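Let me begin by presenting the structure, written as structure tokens, before commenting on it.
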Amino acid sequence: VAAPQSVSGEFEILMDIDNAFNLDAGQFDLVFDPGAIQMINAEDGAIGDIVVPVDLWSILEPGRIRVLFNFPGVQGVSGAGYLAKIRARAIGKKGDFAAISIEKGLLVDKEAHSIPSLWRGDKVGIEGCIDRVSTATGPRSGPAAEAGTETRGMTVSTPMALAGLLTLVLIPGLLLISLRKR
């Protein structure tokens with residue numbers, strides 16, 4: 001997590017990655033104090049000149065969002081950059097500090113193997129804030145949606161996220177295996 005040391009109003013959090021090798025897909029939960037920070041959006045990242053497409057982001061509960069990304073096809077991207085750009089808003093009290101951490105991080109390579117990784121959080125100091133603002137442009141999904149926030153896609157449970165991620169990762173991998181046997 002790469003966040004500014006002090007924030008006021010809207011700010012960006014980059015989910016940096018170094019030494020990626022044959023990266024194909026992944027997911028992570030961003031955990032934060034919902035009384036200090038309001039998440040607005042998760043946008044595509046970039047590794048070198050290659051876009052890291054954020055397929056889905058959703059609020060799982062107040063103070064936790066899940067972000068899933070997957071490269072089209074099974075290409076295996078290598079290098080450094082950031083997995084996603086998270087837009088957020090400071091809503092806490094001036095002088096407060098808010099920790100931002102990663103949980104349930106999973107990176108998968110082009111062979112559908114888990115990539116060992118070390119995930120590091122960050123913290124921001126609240127210098128100024130604005131009132132919580134609704135960013136919703138349509139209906140929110142179920143009880144997991146935090147009041148005044150927007151979700152893109154659908155609410156994702158851990159089993160559903162893993163099943164979706166495995167489908168995105170394993171099926172192309174199985175196709176490669178069957179093609180290699182011929």
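These numbers come from a predicted model, not from an experiment.
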For Ser114, enumerate each residue passing the side chain to side chain contact (heavy atoms under 4.5 Å, CB included) test, keeping only those at least two apart in sequence or located in another chain.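 Side chain to side chain contact (heavy atoms under 4.5 Å, CB included) check on Ser114 returns Leu106.
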Using 0.5 Å steps for rounding, measure from the [atom1] atom of [X] to the [atom2] atom of [Y].
| X | Y | atom1 | atom2 | result |
| --- | --- | --- | --- | --- |
| Arg89 | Asn41 | CZ | CG | 11.0 Å |
| Trp119 | Met15 | CH2 | CE | 6.5 Å |
| Ser78 | Ile17 | OG | CD1 | 9.5 Å |
| Ser117 | Asp18 | OG | CG | 12.0 Å |
| Asp24 | Phe69 | CG | CZ | 9.0 Å |
| Asn70 | Asp55 | CG | CG | 5.5 Å |

Honestly curious: do [X] and [Y] fall in one hydrophobic cluster under the side-chain, below-4.5 Å linking rule?
| X | Y | result |
| --- | --- | --- |
| Val1 | Ile47 | yes |
| Val124 | Tyr82 | no |
| Leu14 | Ile65 | no |

With sequence neighbours left out, what residues match Glu12 under side chain to side chain donor-acceptor pair (under 3.5 Å)?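 Glu12: no side chain to side chain donor-acceptor pair (under 3.5 Å) contacts found.
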Pairing residues for Ser6 by the side chain to side chain donor-acceptor pair (under 3.5 Å) criterion, not counting sequence neighbours: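 With neighbours one apart ignored, the set is empty.
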Can a donor-acceptor pair be found, under 3.5 Å and without considering hydrogens, that links the side chain of Asp16 to the backbone of Ala2?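 Such a contact is absent between Asp16 side chain and Ala2 backbone.
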Any sub-3.5 Å donor-acceptor pair from Asp44's side-chain atoms to Val54's backbone N or O?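 Such a contact is found between Asp44 side chain and Val54 backbone.
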Quick one: do Asn22 and Val77 satisfy side-chain contact (heavy atoms from CB on, under 4.5 Å)? Show the steps, please. CA-CA 5 Å; Asn22 285 332; Val77 176; over 6 Å; no
Quick check: do [X] and [Y] have side-chain heavy atoms less than 4.5 Å from each other?
| X | Y | answer |
| --- | --- | --- |
| Phe32 | Ile13 | no |
| Leu107 | Phe28 | no |
| Ile37 | Val7 | no |

What is the minimum heavy-atom distance between [X] and [Y], and which atoms define it?
| X | Y | answer |
| --- | --- | --- |
| Arg64 | Glu103 | NH2-OE1, 2.6 Å |
| Ala90 | Ile126 | CB-CD1, 4.0 Å |
| Ile102 | Arg120 | CG1-O, 4.4 Å |
| Pro53 | Phe71 | CD-CD2, 3.9 Å |

Using the rule side-chain contact (heavy atoms from CB on, under 4.5 Å), only one of Val52, Asp109, Val108, Ile115 pairs with Leu23; which is it?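 With Leu23 as partner, Val52, Asp109, Val108, Ile115 yield a single side-chain contact (heavy atoms from CB on, under 4.5 Å), made by Ile115.
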Name of the residue among Ile86, Leu83, Leu56, Leu30 meeting side-chain contact (heavy atoms from CB on, under 4.5 Å) with Val67: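 Testing each of Ile86, Leu83, Leu56, Leu30 against Val67, the sole residue satisfying side-chain contact (heavy atoms from CB on, under 4.5 Å) is Ile86.
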